[in-house]
Protein chains: 2
Amino acid sequence: MEDGTFKSLGYCESTADDYDVKQWDTREDCEVRQILDRVADKWSLLVIALLDCQSLRFTQLRREIDGVSQRMLSVTLRHLERDGLVSRTVHPVVPPRVDYALTPLGRTLHQTIKALVIWTEEHQQEIARARADYDARREMMDA
Amino acid sequence: MEDGTFKSLGYCESTADDYDVKQWDTREDCEVRQILDRVADKWSLLVIALLDCQSLRFTQLRREIDGVSQRMLSVTLRHLERDGLVSRTVHPVVPPRVDYALTPLGRTLHQTIKALVIWTEEHQQEIARARADYDARREMMDA
DNA sequence: CGGGATCCGGAGGGATACTG
DNA sequence: CAGTATCCCTCCGGATCCCG
C-alpha cells in the first residue's frame, strides 16, 4: 500500500520488444519471495493439504505425513500458525489435546494448494515418462 | 492405472465417522510426494513463474531471479528439463545461446503456479499482520 | 556465454531424552 | 499427549575454477 514498490500482477500481456523482461518483483528481500519460500516448503504443503476441511491433532498429523519428524512437524506448525494460516486450539484436559485447523486465510490458500496436488496426481504418468526418456537419452550419450 | 494403489482424489467429501482420516497417499516413496517435492522447490517455482509465455536465456534467468547461484539455476533447469516441464534449445552459434521455455506440460503447471503467486501477492498484508501479531504476543509472554 | 566439476561451510533436519 | 531442548551429522547450496 505504502508505495509502488511492487510491480505485482504485471504478468504476461505486453511482450513490448526487448525493453524489460522482468514482470514482477523477484528481489530476494521481497515479501512475496519470502512467503513463497514458506509456501514452497514440502512439509507446509502437506500439512495444508491434509487439513482440508477437518481439524487434526498433532499425533494424527504425524501419522498421516509419512517421514516427518516430530521436530519438523512442530516447527512447520508454528510457522503456519505465525503466518495466520493454521489455528492452534489447546483443550484444557488431561492428557492434553491440541487441534490444528485451517484459518479462513489458510482455507483460501488451500484452494490453490489443492489444485497443485491434483495437478501432480493427474500428470504423474507424463512426468514419469519424461524422466524415463531423459534418463534413457543420457545413458545413450554416456555409452 | 495398473492397480488401485493411489487413493488420489478422495479429498474431502465423506467425513465418515472416525474410520480413516487419510485421504490420499502420503507415503514418502509415493510418486506424488516426489513430484510435489520438486514443485515445492523455491527455485523451480520462480523459474516456472518467470517463463510465463516467453523463453529466456540462462543469463537472463540468472539476472531475473535475484539470489540464485549459477549452480542452483543450472541444477534446477536440468531437473525441470528431466521432468519434461521445461525445454532446452541450443542454438549452434558462437557465442553459445541456449533458450529455455515451458513445454506444453509445463504450461499446464504454470497455471496453478501462477495462482499461487497471485495468492501470495493478494494476501501479503494479511500474512504480514498475522506475523506481527504473533511476534507481539510472543514478546508479551516472554516479558 | 552456458554451464560442469570440485571444495567446503552452515543450516536443515533426524534421533534421543526430558517436561508439563 | 504435545511438545521443547540438545546433540550431531548430512547435504544443500555458495564460491571458485575451468572448459567447449
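Residue numbers start from 1 in every chain, and the chains themselves are labelled A, B, ... in the order their sequence lines are given, proteins ahead of strands.
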TODO: Could you check B:Asp133 against A:Arg82 for salt bridge (Lys or Arg N to Asp or Glu O under 4.0 Å), going step by step and ending with a plain yes or no?
DONE: CA-CA 8 Å; B:Asp133 288 356; A:Arg82 176 168 183 263; over 6 Å; no
Task: Rounded interatomic separation in angstrom, taking CZ from B:Arg78 and C1' from D:dC12 - done: 14 Å
Open item on the list: Let me confirm one number: the CG-CD1 distance from B:Leu85 to B:Ile35, rounded to the nearest 0.5 Å.
Closed with: 9.0 Å
- [ ] Select base, sugar-phosphate, or nothing to describe what A:Arg88 touches, counting heavy atoms under 4.0 Å on all strands.
- [x] sugar-phosphate
Open item on the list: Taking A:Thr108's backbone N and O only, do any of them form a donor-acceptor pair with A:Gln111's side chain (distance below 3.5 Å, no angle check)?
Closed with: no
Task: Whole-Å distance separating the CZ atom of B:Arg71 from the P atom of D:dC17 - done: 17 Å
Task: Short N-O contact, A:Asp41 and B:Lys42, less than 4.0 angstrom - done: no
Open item on the list: Return whichever of A:Pro96 or A:Ser74 has its heavy-atom-nearest nucleotide of DNA chain D closer to the 5' end.
Closed with: A:Pro96
TODO: Specify the separation, in whole Å, of atom CG of A:Leu77 and atom P of C:dG13.
DONE: 14 Å
- [ ] Test B:Leu80 against every option in B:Val47, B:Leu102, B:Val39 by the side-chain contact (heavy atoms from CB on, under 4.5 Å) rule and name the one that passes.
- [x] B:Val47
Task: Presence of A:Arg57 side-chain N/O under 4.0 Å of D:dA2 phosphate oxygens OP1/OP2 - done: yes
- [ ] Can you tell me the distance, in whole Å, between the CG atom of B:Asp37 and the C1' atom of C:dG12?
- [x] 14 Å
- [ ] By nearest nucleotide on DNA chain C, pick out whichever of B:Pro95 and A:Met72 is the more 5' one.
- [x] B:Pro95
Task: Spacing between B:Asp41 atom CG and C:dG12 atom P, to the nearest angstrom - done: 15 Å
Open item on the list: Rounding to an integer number of Å, can you tell me how far A:Leu73 CG sits from D:dA2 C1'?
Closed with: 10 Å
Open item on the list: With a 4.0 Å cutoff (strictly under), does any side-chain N or O of A:Tyr100 reach OP1 or OP2 of D:dC1?
Closed with: no
Open item on the list: Ignoring hydrogens and geometry beyond distance, is the side chain of B:Gln70 in donor-acceptor contact with the base of C:dG4 at under 3.5 Å?
Closed with: yes
Open item on the list: Taking the minimum atom-to-atom distance to the side chain of A:Phe58, which one of D:dG14, C:dG4, D:dA2 wins?
Closed with: D:dA2
TODO: Take the protein atom CG of A:Asp99 and the nucleotide atom C1' of D:dG3, then report the distance between them rounded to whole Å.
DONE: 15 Å
TODO: Would you mind reading off the distance between A:Ile65 atom CD1 and C:dG13 atom P, rounded to a whole angstrom?
DONE: 14 Å
Open item on the list: With a 4.0 Å limit, can you tell me whether B:Arg62 has a side-chain N or O closer than that to the phosphate oxygens OP1/OP2 of C:dG3?
Closed with: no
